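Following: one structure in structure tokens, then a few remarks.
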Amino acid sequence: MTATFPLPNVIVSPQPSRTTLSESKSYRGSKHAFEKPRMGVGREVSISLDGVRDKNIMQLKKLNIALFPVRYNDKYYADALASGEFTKLAYYSDICVGAIACRLEKKEGGGQVRVYIMTLGTKLLNHVLDLCSKQNISEVYLHVQTNNEDAINFYKKFGFEITETIHNYYTNITPPDCYVLTRHTTPSPTKK
């Protein structure tokens, strides 16, 4: 059993600035570890990230309704808000095109923290993995429906492994079983 908890001392600004991928000169190895996306031949796409807060949580809800076969309850959104920098919306030309929602949990038997990924997009996963490394969070995990081969292969490309099968995890979709996919992260080296 895991216990969820909010990040301590997180202050969410009423109007946080978006992190724009086009603002950085180097996308690989930059603080966001993103590659600048391209659309068509030689055409660059600018994706920006914005924090989730009360005023834009509805965008996350609408994305989830459009993309996922399950409906998330109010606790899901409260956990997403409490995770601070780990939950982001992705924008292209001021249009919300993706999101990552996470929940921070204490691991059993110790005070260590792990991150549970609730929803995401490719560039957003890199953001969370980078944050985990910087904050010395050693474990990231999520649930994937057992027949969702695309999602399973996607996560495996990022170093996730199937660590458990849970039968009858989902109640209103078929098949009801899921895999737990886990990735152990490496802390960032400290600068001297």
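The structure displayed is predicted, hence computed values, not measured ones.
- A search for side chain to side chain donor-acceptor pair (under 3.5 Å) contacts involving E164 returns nothing, not counting sequence neighbours.
- The side chain to side chain donor-acceptor pair (under 3.5 Å) search around T182 returns T163, not counting sequence neighbours.
- For K61, the side chain to side chain contact (heavy atoms under 4.5 Å, CB included) test picks out I57, M58, Y77, with sequence neighbours left out.
- Note: I173 CD1 to N147 CG = 8.0 Å, rounded to the nearest 0.5 Å.
- Counting only distance, with no hydrogens or angles, the side chain of S83 and the backbone of A80 share a donor-acceptor pair below 3.5 Å.
- What you find for Y116 and E105 is that their closest heavy atoms are CB-OE2, 4.0 Å.
- Annotation: D74, atom CG; neighbour count of heavy atoms from other residues, nucleotides and ligands within 6.0 Å does not exceed 12.
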For this session: Dump the intermediate steps for side chain to side chain contact (heavy atoms under 4.5 Å, CB included) on L81 and D54, then the final yes or no.
Result: CA-CA 8 Å; L81 284 168; D54 289 332; 3.5 Å; yes
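- The environment of N172 atom CG is sparse: at most 12 non-hydrogen atoms of other residues, nucleotides or ligands sit within 6.0 angstrom.
- Linking ILVMFWY side-chain heavy atoms closer than 4.5 Å, directly or via other members, places I65 and L60 in two distinct hydrophobic clusters.
- Shortest non-hydrogen contact noted between A101 and T87 is CA-OG1, 3.6 Å.
- Checked by atom type and distance alone, the side chain of N56 pairs as donor or acceptor with a backbone atom of G51 at under 3.5 Å.
- Sequence neighbours left out, the pairs with a member in residues 164-187 that pass ring pair (Phe, Tyr, Trp, His ring centres under 6.0 Å) are H143-Y169.
- Checking side-chain atoms of T185 against main-chain N and O of L129 turns up no donor-acceptor pair under 3.5 Å.
- Taking each heavy atom of L63 and V97 in turn, the nearest pair found is CD2-C, 4.5 Å.
- Annotation for Q145 and I152: closest pair O-CD1, 4.1 Å, computed over non-hydrogen atoms.
- Contacts classified as salt bridge (Lys or Arg N to Asp or Glu O under 4.0 Å) and involving residues 139-152 (residues at least two apart or in different chains) are given here: K107-E139, R114-E139.
- Interatomic distance, L142 CG to R183 CZ, rounded to the nearest 0.5 Å: 12.0 Å.
- In this structure, Q112 and S138 approach most closely via the heavy-atom pair OE1-OG, 4.2 Å.
- Interatomic distance, L125 CG to I117 CD1, rounded to the nearest 0.5 Å: 5.0 Å.
- Judged as a side chain to side chain contact (heavy atoms under 4.5 Å, CB included), and not counting sequence neighbours, the contacts of P176 are N168.
- Closest approach of C102 to F86, counting heavy atoms only: SG-O, 3.3 Å.
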For this session: Begin with the C-alpha distance, continue with both residues' side-chain angles, and end with the deciding distance and a verdict on side chain to side chain contact (heavy atoms under 4.5 Å, CB included) for K88 and V128.
Result: CA-CA 9 Å; K88 294 285 187 181; V128 167; over 6 Å; no
